[in-house]
J.: 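Sharing a structure, written as structure tokens. Questions coming.
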Amino acid sequence: NAGVMQNPRHLVRRRGQEARLRCSPMKGHSHVYWYRQLPEEGLKFMVYLQKENIIDESGMPKERFSAEFPKEGPSILRIQQVVRGDSAAYFCASSPPNSNQPQHFGDGTRLSIL
Amino acid sequence: AQSVTQLDSHVSVSEGTPVLLRCNYSSSYSPSLFWYVQHPNKGLQLLLKYTSAATLVKGINGFEAEFKKSETSFHLTKPSAHMSDAAEYFCVVSDRLKAAGNKLTFGGGTRVLVKP
């Protein structure tokens, strides 16, 4: 049973480019969460999605960041016009449709902005 | 709003000695609490969880944590450290979201160093 799959593991972009991070949840999991980890810090919640719906995006920056979880395919975190401060590790987690179940994390995408 | 404070950013122990990682939380209602471990360049692995059942929770790899409501604490312990325990540990509190989701709030992390 494959875990949460994130790709790419490492992504390098120049300032002004777009970054697309992908996440495939565990089989049977319908809830997807994105978190950001800045260097030497804990993870910070960004957004919570179910299929075709954004449920809570209270942790998303107001500009340049968007997320989707289409009916078919992985969840995508998209960052437009990246800046140096976007450099971080971005983690995806998934859980089954039961609020008491813990979230399972992928290995993350490490985004570096040149 | 919920919050988590990990009282030590770094802990150094000798192999075979006990490990104690301290965590205090604030929550407006009965929380769900977790400890996750993160090895370098890896994702987070769940060590254990508390969800209002027994206050002493046993997890994987010999770790356990005790929920103390009066002290709002959820400290993580292991009686005998192993070299493979060197990692970063996060105390986490869960906040219920609509549509049966959960928003995790993380402590700042405690980096554990195990000396031979």
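Throughout, a chain's letter reflects where its sequence line sits, starting with A, and its residues are numbered from 1.
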J.: Checking A:Gln103 against chain B: side chain, backbone, both or neither under 4.5 Å from a heavy atom?
T.: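 Looking at A:Gln103, backbone and side chain both touch chain B.
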J.: Considering only residues two or more places apart or on different chains, which pairs with a residue in residues 58-75 of chain A satisfy salt bridge (Lys or Arg N to Asp or Glu O under 4.0 Å)?
T.: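 Sorted pair list: A:Arg64-A:Asp86.
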J.: Parallel, tilted or perpendicular: which fits the ring planes of A:Tyr35 and B:Phe106, with parallel below 30° and perpendicular above 60°?
T.: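 The arrangement is perpendicular - the two ring planes meet at more than 60°.
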J.: Which region of B:Leu104, side chain (C-beta onward) or backbone (N, CA, C, O), has a non-hydrogen atom less than 4.5 Å from a non-hydrogen atom of chain A, or is it both or neither?
T.: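 Both parts, heavy atoms under 4.5 Å.
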J.: Please flag which part of B:Gln45 lies under 4.5 Å from any non-hydrogen atom of chain A: side chain, backbone, both or neither.
T.: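 Contact with chain A is absent: no heavy atom of B:Gln45 under 4.5 Å.
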J.: Which salt bridge (Lys or Arg N to Asp or Glu O under 4.0 Å) pairs, counting each pair once, include a residue from residues 30-42 of chain B, with sequence neighbours left out?
T.: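 Every pair satisfying salt bridge (Lys or Arg N to Asp or Glu O under 4.0 Å) with a residue in residues 30-42 of chain B: A:Asp107-B:Lys42.
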J.: Over 60° means perpendicular and under 30° means parallel, so tell me whether A:Tyr33 and A:Tyr48 are parallel, tilted or perpendicular.
T.: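 Correct class here is parallel.
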